[in-house]
Amino acid sequence: MMNFFIYLPIAGTSVSIFLLLGLGGAVGFLSGLFGVGGGFLLTPLLLMIGINPVVAAASDSNQIVAASSSGMYAHWKAGNVDFKMGIILILGGIIGGTMGVQVIKILQQMGNADFLIKTCYVIMLGVVGPYMFYESYTKLRPRKKAPPRVQTREPGWFSKVFTNLPFQMHFEKSGVSMSVIIPFLLGILVGVLAAIMGVGGGFIMVPIMVYLLRMPMHVVVGTSLFQVLFTCINVTFMQAYTNHSVDLVLALLLLAGSTLGAQFGAQVSQKLKADQLKILLSIIILITMVKMLSGLLIAPDLLLMLKGGH
Amino acid sequence: MRDYSDIRKRCWVVVAITLLFLMANPCAVLADSPLPDMDSFQISPSEIQIGALYHGEQLKIDINSLPDEQIALKLEGKRESIKLSKKGKVYFLWMTVGEIVFHNTPQVYLIYASRKLEKLGSDSERLRLGLGYTVLEKQVQIEGSSQERQESFGEFVKMKEHEKLYGIHDEPFPTGSMKDGARHVVFNLDIPSTIPAGEYTIELYRMRGGKILAPLSKNLTIKKTGLVSYISDLAYNHAKLYGGIAVALAVMIGVLIGLLFGLLRRK
């Protein structure tokens with residue numbers, strides 16, 4: 001009988017090849033579909049199959065680099081990436097990420113970083129998920145017999161507040177005008193949260209782009225992948241260099257599945273309506289939130305674990 | 001001067017008589033032969049290689065014992081210090097409540113006994129020989145109060161058992177075959193896939209007449225080879241290069257697949 005297990009040199013254990021390909025494929029599909037890196041889903045799944053938390057988080061970042069490259073390439077070809085907006089968000093994200101690393105250091109010294117990270121997740125996902133679900137659901141219902149949907153390009157209340165800020169810029173691809181300061185500050189915020197939570201930040205960035213920056217959903221997905229790509233390149237390199245925790249074999253198997261999955265996700269994304277995409281993403285966000293919340297309320301099986309991870 | 005030719009003649013006579021006796025009665029050789037080697041045991045292989053397709057391995061252990069003897073095997077790894085996060089309940093929420101450091105803990109601690117460990121020799125004997133979790137608890141140093149120590153050690157063992165690196169298995173050994181009054185047992189010890197590379201000792205304990213005899217020991221080497229060894233070396237000794245390769249490979253594969261799917265879609 002053939003051996004379908006492969007040994008992961010850094011994780012120090014062997015896992016079924018098909019299991020890793022399947023996990024990567026499923027998460028990659030969601031990545032291409034919604035423009036999220038999938039780190040908030042894949043890392044808990046890797047923990048469930050017995051991968052060390054530190055290695056799981058680091059290798060996950062590595063595979064997100066591939067998935068977001070693949071997804072971003074598809075969206076770029078379809079003209080769905082706002083590079084101008086993306087670069088500003090990335091610059092903010094780098095500064096925010098550096099600040100976030102310092103924040104996490106302080107939290108660790110206080111001794112309860114893990115709890116605060118999870119609470120942060122639950123609050124954020126608990127607010128974003130239901131809001132996104134409700135908004136998309138109410139929009140979908142009356143539109144059953146309505147004429148074809150027209151994208152609203154008007155700036156929201158958030159943008160209006162800052163209309164008088166300097167460095168105004170028009171973002172052609174997104175069809176919005178605003179001060180550069182706004183996406184830059186939001187990039188910092190996402191960078192801080194991404195560093196604290198240990199993920200690319202796509203699932204935070206997507207709602208921010210949709211609701212605060214009022215960008216069209218299909219451009220949001222491509223631009224978010226662009227931002228996630230650079231965040232995860234930074235995280236992968238730093239994890240490999242400082243913690244020696246990137247398992248290349250694990251990452252390659254996951255990314256083999258996820259890059260393929262991301263392509264299918266991007267294709268399906270083109271066929272679905274923006275509100276359908278949002279309602280699906282909100283359901284996934286809610287499921288993740290419930291899982292996180294149960295982790296805070298239900299006694300864990302093991303009361304001791306290796307330090308690190310998220 | 002002594003007459004050596006006379007002595008030589010006598011020796012030849014003794015040898016000849018012995019040979020004649022043996023040829024006439026070959027059974028006598030077998031009947032009076034000593035018991036099979038009871039002072040050692042064999043392991044196969046003595047070196048396990050962790051390659052790309054490694055998924056644990058069965059270690060074959062050949063043991064000779066007397067029929068009424070009980071046997072125990074212990075696989076132990078090197079001792080180390082380990083720092084862990086500790087979870088606790090604060091009000092109604094479970095959170096990390098601090099860290100705890102364990103010193104002098106074996107990386108691996110697997111015991112296979114032919115009967116319950118508590119029935120294998122006296123407490124003092126097991127303590128002397130280092131057999132069992134109760135003994136291990138006394139050897140491990142934990143930073144913290146005494147109550148915290150006891151609770152934490154139990155949780156530590158639970159975590160290690162979850163990783164399949166600790167375990168006490170007390171199931172009857174295979175019956176084996178009887179030969180020359182000794183029992184020959186072949187025991188297959190499962191080496192978990194999670195075992196780290198390193199040097200290990202396998203100790204064989206035999207209990208005879210209520211007493212545990214001095215253990216016999218063998219060394220086992222587990223090492224990474226081929227691609228696994230190469231990647232580990234790159235990751236730990238050339239971290240910058242490794243990080244760069246990891247990122248470059250991921251971007252290349254991602255774009256390549258994106259390109260490929262783009263072409264497929266156009267067709």
Side-chain angles (χ1 to χ4, degrees), chain A residues 3 5-7 9-10 12-14 50 62-74 76-77 111-115 118-119 229 233 236-242 244 246-249 251-252 255-256 259-260 262-263 266-267 295-308, chain B residues 50-56 82-90 92-100 151-152 155-156 158-159 162-163 193-197 224 227-229 231-232 234-236 239-240 242-247 249-262 265:
Chain A
N3 187 356
F5 286 86
I6 192 153
Y7 187 78
I10 308 300
T13 188
S14 66
N62 193 12
Q63 80 79 27
I64 294 170
V65 171
S68 47
S69 301
S70 172
M72 194 205 82
Y73 182 82
W76 171 59
K77 281 286 179 188
N112 224 338
D114 185 51
F115 171 73
K118 277 190 181 165
T119 310
L229 170 65
I233 284 176
T236 301
F237 187 80
M238 292 310 290
Q239 289 275 30
Y241 181 56
T242 56
H244 312 287
V246 174
D247 195 310
L248 197 55
V249 176
L252 284 174
L255 70 85
T259 44
L260 291 173
Q263 288 301 320
Q267 277 181 317
L296 291 172
L297 297 172
I298 300 167
D301 290 338
L302 298 170
L303 295 181
L304 294 178
M305 65 182 296
L306 281 170
K307 283 182 75 69
Chain B
I50 300 179
L53 298 177
Y54 175 77
H55 180 53
I82 187 167
K83 197 183 272 186
L84 301 168
S85 298
K86 192 179 174 187
K87 285 190 183 294
K89 198 173 188 180
V90 179
F92 56 93
L93 296 171
W94 285 90
M95 58 179 81
T96 304
V97 290
E99 64 176 37
I100 188 157
E151 285 169 7
S152 301
E155 285 300 323
F156 173 76
K158 210 165 130 187
M159 184 197 81
H162 181 75
E163 291 173 349
S193 66
T194 46
I195 199 163
K224 293 178 177 178
L227 190 68
V228 172
S229 166
I231 291 176
S232 298
L234 205 61
Y236 288 100
K240 269 187 189 172
Y242 182 76
I245 291 172
V247 167
L249 266 177
V251 172
M252 272 164 53
I253 294 172
V255 171
L256 205 71
I257 291 184
L259 200 71
L260 205 72
F261 268 77
R265 266 199 296 272

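Residue numbers begin at 1 in each chain, while the letters A, B, ... track the order of the sequences.
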Part of [X] lying under 4.5 Å from any heavy atom of chain A:
X: B:Ile50; result: side chain
X: B:Ile195; result: backbone
X: B:Leu249; result: side chain

Best-contacting candidate, [options], against chain B by heavy atom pairs under 4.5 angstrom:
options: A:Ala74, A:Pro9, A:Ala240; result: A:Pro9
options: A:Thr236, A:Leu255, A:Asn62; result: A:Asn62
options: A:Leu297, A:Val246, A:Leu302, A:Val65; result: A:Leu302

- prompt: Do A:Pro300 and B:Trp94 have side-chain heavy atoms sitting under 4.5 Å apart?
  reply: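 The answer is yes; the side chains approach within 4.5 Å.
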Those residues that, when tested against B:Lys224, pass salt bridge (charged side-chain N to carboxylate O under 4.0 Å, His left out) (two or more places apart):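 Partners of B:Lys224 by the salt bridge (charged side-chain N to carboxylate O under 4.0 Å, His left out) criterion come out as none, since no residue qualifies.
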Point-to-point distance, once rounded to the nearest 0.5 Å, from [atom1] of [X] to [atom2] of [Y]:
X: B:Ser232; Y: A:Leu248; atom1: OG; atom2: CG; result: 11.0 Å
X: A:Leu303; Y: B:Glu155; atom1: CG; atom2: CD; result: 4.0 Å
X: A:Leu296; Y: B:Lys89; atom1: CG; atom2: NZ; result: 12.0 Å
X: A:Thr242; Y: B:Lys240; atom1: OG1; atom2: NZ; result: 12.0 Å
X: B:Leu256; Y: A:Ser69; atom1: CG; atom2: OG; result: 11.0 Å
X: A:Leu304; Y: B:Lys158; atom1: CG; atom2: NZ; result: 9.5 Å

task: Work out which heavy atom in A:Ile10 is nearest to a heavy atom in B:Ala235; give both atom names and the distance.
output: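 What the structure gives for the nearest pair is CD1-CB, 3.5 Å.
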- prompt: Which atoms form the tightest heavy-atom contact between B:Gly243 and A:Phe237, and what is the distance?
  reply: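 Taking every non-hydrogen atom into account, C-CD1, 3.7 Å.
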Region of [X] in contact with chain B, defined by heavy-atom distances below 4.5 Å:
X: A:Leu252; result: side chain
X: A:Ala251; result: neither
X: A:Gln239; result: neither

Donor-acceptor contact below 3.5 Å, side chain B:Tyr242 vs main chain A:His244: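 Absent.
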- prompt: Where does the angle between the aromatic ring planes of A:Tyr7 and B:Tyr54 fall among parallel (under 30°), tilted (30 to 60°) and perpendicular (over 60°)?
  reply: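 The arrangement is perpendicular - the two ring planes meet at more than 60°.
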field: Partners meeting side chain to side chain donor-acceptor pair (under 3.5 Å) with A:Lys77 (sequence neighbours left out)
entry: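 Not a single residue meets the side chain to side chain donor-acceptor pair (under 3.5 Å) criterion with A:Lys77.
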